[in-house]
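The structure displayed is predicted, hence computed values, not measured ones.
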Amino acid sequence: MRRLTQITAVILTAVLLGMIAAGHAGFVSEASENAGEQEKPESEMTEEEKAEKAAKEAREKALKEAYELPVQTNELKSWPEGPGTYGDAAIVMDADSGAILYAKNIDKHEYPASITKVLTALLAFQYGDMSSQVVVSEQALACLGSGYASIGLKAGNVITLEQAVYAMLLASANEAAYSVGESVAASQGQGYDWFISRMNEKCAELGGANSNFVNTNGVFDENHFTCARDMALIGRALFDYPMFSQICQTQQYTIPASDTVEEHVFQQKHHMLIQGNEDYYEYAAAGKTGYTTEAENTLITLADNGEKRLVCVVLRTYGGHPYTDTRALLEYGFGNFQKVLLEEHDEEMEFSRIADGAYVMLPEKVSFEKLDREVVLHEDGTDDATVSYFYKDMPVGTCEVTVSENYYNKGKEEVQEEEPEEKKTEPQEEKKDSKERYKAAAAIGIAAVLAVCAAITAVVTNISRKRKEKRRRR
C-alpha cells in the first residue's frame with residue numbers, strides 16, 4: 001500500500017513538473033514574440049519607418065487632445081454628463097424644438113467636406129423639379145482633384161435631377177453635386193453663383209451665423225467653412241423632406257444606361273445606414289459622410305426612435321471614431337432628456353395660442369422654473385411671436401405663440417415694479433424751485449456774512465478812533 005502511494009506521488013509530481021515546464025515554455029515563447037514586436041531603436045530605422053512613427057505619434061497626440069477638449073454642456077449645473085468625442089466639435093440637437101442637448105465647440109469654424117452636400121440637397125428639394133434634366137458640364141468635372149469622390153460622369157451626360165441627387169448623397173459624387181447646383185440655378189434663370197448665394201442665405205434663414213459656403217460639394221477651399229450648430233440647423237430642416245430619408249436609406253442605386261449616359265451603380269456610404277454593417281444603428285434615419293485631409297472625418301446623422309428626432313454632427317473627427325462617437329451621442333440624447341409641454345406651464349395665461357405639442361427638452365434635474373425666455377413679436381403687426389427658452393444660455397426649445405392681454409399687462413407691471421417707491425429724481429418744476437430756493441438761501445447767507453464783517457469792521461474802527469483821541473489828550 002505504501003509502495004502504491006509512493007508511485008502515485010511520483011506520477012503526480014511528474015505531471016505537475018510537466019505542466020510547469022509547459023507553462024514556462026509558453027511564457028518564454030510569448031516573451032520572445034513580444035520581444036520580436038518591440039520597436040526598433042530609431043538609429044536602426046529607415047527614413048520611411050521614422051516618418052511612419054512620427055505620423056503615428058502625431059495621430060495619437062491629436063486623438064488625446066481632441067478627446068480632452070472641454071464639452072460645454074458638461075459644465076452646466078444639473079446637466080447630465082455627456083460622452084467625450086475624438087473630434088474638435090460635436091452637437092446633438094432636438095429637431096422639433098431646436099433644443100441643444102450636447103455641445104462641444106459648436107460655433108467653432110471647421111471644414112465640412114462632403115456633408116456640404118446636405119445643404120445642396122435641401123435647396124434642390126426646395127427649388128428643383130426631380131424629373132427635370134441635368135446636363136453635366138465641363139465646369140462640373142473641373143472640381144475633381146485626385147482622390148475626390150466621383151461616379152465617372154462625363155461632360156454632356158444627361159440625367160435627371162433625382163438621379164443626380166442620389167449620386168450626390170449616396171456616392172458623394174462631386175461632379176453630381178456641382179451639376180445639381182448648376183441645374184437648379186438654371187431652372188430659376190440664374191447661374192451657379194446664385195445657387196452658392198442661396199446656400200449662404202438659407203443657412204442664415206435657419207439661424208446659422210458661422211458658415212461660409214463657396215461650392216456645392218465640399219471640395220476643400222480655405223474660405224469654405226461651417227460649424228456644428230449651423231450644420232445641425234440644416235439637418236433639422238431636412239426632416240421636413242421625406243425624400244431625403246428615402247434616398248439615404250437606399251442601400252444601392254442604379255442610373256440605367258441610356259442614349260445620354262452609361263450605367264452607374266453605387267451604394268450608401270454612411271455605415272450607420274447600411275444594414276448588416278457593424279456600425280449600423282437602428283434609429284438612424286438619414287445622413288451624410290465627409291472626408292478631406294484638411295477636414296478629417298465629418299458626419300451628420302438624423303435619427304428617430306419614435307419619440308424623439310435628433311440631429312448629430314461631428315466635425316474634424318480622427319481615426320475610425322465618427323460612427324462610435326455619433327452612436328454614443330445619440331444614445332446620450334435619447335436616454336437623458338424628456339419633453340416638457342409648454343401649455344402646462346402657461347399658468348398666467350400669457351399666450352392665447354401655443355403651437356400644438358410645443359415643448360422644451362430638459363434633463364430630469366432641471367425644472368422648468370429655472371429657465372429664462374425671450375419673446376420676440378413678429379414684425380407683421382400681429383400678436384404672434386416666437387418664444388425661445390434657455391437654461392444658462394443653452395437653448396432648450398423654441399415655439400410659436402400668440403400673446404394675450406395678460407402678457408402685455410404683466411409687462412407693464414414688471415416695468416412699474418422696476419421703479420423705486422420714492423422717485424430718485426424730481427419733476428422738472430420741482431427741480432427748478434429747489435434750485436431757486438438754493439440760490440436765495442445762498443444769497444441770504446452771503447449777505448449775513450457781509451453784515452457780520454461790516455459790524456466787526458465798525459467795532460474795530462470805533463475802538464481805533466477812541467485810542468487815537470486818548471493819545472491826543474495826553
Side-chain angles (χ1 to χ4, degrees), residues 62 66 69 87-91 93 103-124 126-127 136-150 164-165 167-169 172-186 188 190-238 287-300 311 313-318 322:
L69 288 172
D88 284 5
I91 189 171
M93 178 181 287
K104 178 180 180 179
N105 299 325
I106 61 175
D107 294 316
K108 182 184 177 185
H109 289 178
E110 301 283 2
Y111 299 125
S114 283
I115 64 172
T116 299
K117 295 174 176 113
V118 301
L119 177 54
T120 303
L122 179 61
L123 292 178
Q126 181 177 349
Y127 291 103
V136 180
S137 67
E138 292 286 355
Q139 289 80 3
L141 302 177
C143 69
L144 296 177
S146 175
Y148 280 105
S150 166
V165 173
M168 174 179 73
L169 292 178
S172 202
N174 288 294
E175 76 275 32
Y178 193 103
S179 299
V180 168
E182 274 191 322
S183 177
V184 172
Q188 305 297 311
Q190 303 289 337
Y192 180 77
D193 289 342
W194 172 88
F195 192 91
I196 301 302
S197 296
R198 280 302 298 140
M199 290 174 73
N200 289 295
E201 290 164 3
K202 187 65 177 180
C203 182
E205 288 169 12
L206 295 172
N210 288 287
S211 296
N212 186 61
F213 298 97
V214 301
N215 58 54
T216 58
N217 45 34
V219 168
F220 173 70
D221 186 300
E222 63 181 9
N223 295 314
H224 184 91
F225 57 82
T226 187
C227 68
R229 188 201 299 260
D230 291 7
M231 290 307 305
L233 291 168
I234 293 165
R236 180 188 181 195
L238 281 163
K288 182 73 189 72
T289 61
Y291 176 82
T292 64
T293 302
E294 297 82 5
E296 290 288 346
N297 290 283
T298 63
L299 190 71
I300 180 170
V311 182
V313 179
V314 294
L315 298 175
R316 195 167 181 77
T317 301
Y318 298 94

*Please list, chain by chain and in numerical order, all residues satisfying side-chain hydrogen bond (donor to acceptor under 3.5 Å, both in side chains) with S211, sequence neighbours excluded.*
T226, D230

*Considering all heavy atoms of both residues, which atom of I234 and which atom of C203 are nearest to each other, and what is their separation?*
CD1-SG, 4.4 Å

*Donor-acceptor contact below 3.5 Å, side chain N212 vs main chain N223*: yes

*asked:* Could you tell me if the side chain of N217 sits less than 4.5 Å from the side chain of C143, heavy atoms only?
replied: yes

*Which distance, rounded to the nearest 0.5 Å, do you find between the CD1 of I196 and the CD of E201?*
11.5 Å

*Would you please test Q126 and K202 for side-chain contact (heavy atoms from CB on, under 4.5 Å) and show each step?*
CA-CA 11 Å; Q126 181 177 349; K202 187 65 177 180; 3.2 Å; yes

*Go through M231 and M93 one step at a time and tell me if the side-chain contact (heavy atoms from CB on, under 4.5 Å) criterion holds.*
CA-CA 10 Å; M231 290 307 305; M93 178 181 287; over 6 Å; no

_Ignoring hydrogens, what is the shortest heavy-atom contact between I115 and K288? Give both atom names and the distance._
CG2-O, 3.2 Å

_Using every non-hydrogen atom in the two residues, find where A140 and S179 come nearest and quote the distance to one decimal._
CB-OG, 3.6 Å

_Spacing of OG belonging to S114 relative to CG belonging to L169, to within rounding of 0.5 Å_ = 10.5 Å

*Side chain of Y192, backbone of T216: donor and acceptor closer than 3.5 Å?*
yes

*Distance from L315 atom CG to I106 atom CD1, nearest 0.5 Å?*
11.0 Å

*Return the minimal non-hydrogen interatomic distance between N297 and Y318, and the atom names on each side.*
ND2-C, 4.4 Å

*Could you grab the distance from atom NE2 of H224 to atom OG1 of T116, nearest 0.5 Å is fine?*
3.0 Å

*Could you pull out the closest heavy-atom pair between G191 and A185, with the gap in Å?*
O-CB, 3.1 Å

*With no hydrogens and no angle check, is any side-chain donor or acceptor of N174 less than 3.5 Å from a backbone partner on A149?*
yes

*Restricting to pairs with a member in residues 212-229, which pass salt bridge (charged side-chain N to carboxylate O under 4.0 Å, His left out), not counting sequence neighbours?*
D107-R229

*Partner of F220 by ring pair (Phe, Tyr, Trp, His ring centres under 6.0 Å), out of F225, Y111, Y148*: Y111

*asked:* Using only atom types and a distance under 3.5 Å, with no angle test, would you say the side chain of T298 pairs donor to acceptor with the backbone of P112?
replied: yes

_I need the minimum non-hydrogen distance between G87 and K104, along with the two atoms involved._
O-NZ, 2.9 Å

*Can you measure from CG (L122) to CZ (R236) and round to the nearest 0.5 angstrom?*
13.0 Å

*Quick one: does S183's side chain have a donor or acceptor within less than 3.5 Å of a partner on V180's backbone?*
no

*Does a side-chain heavy-atom distance below 4.5 Å link T317 with L299?*
no

*salt bridge (charged side-chain N to carboxylate O under 4.0 Å, His left out) pairs, two or more places apart, involving residues 108-124*: D88-K108, K108-E110

_What I'd like to find out is whether the side chain of L123 reaches to under 4.5 Å of the side chain of V184, using heavy atoms alone._
no

*Reported CZ-to-CD distance for the pair F195 and Q190, which is rounded to 0.5 angstrom*: 12.5 Å

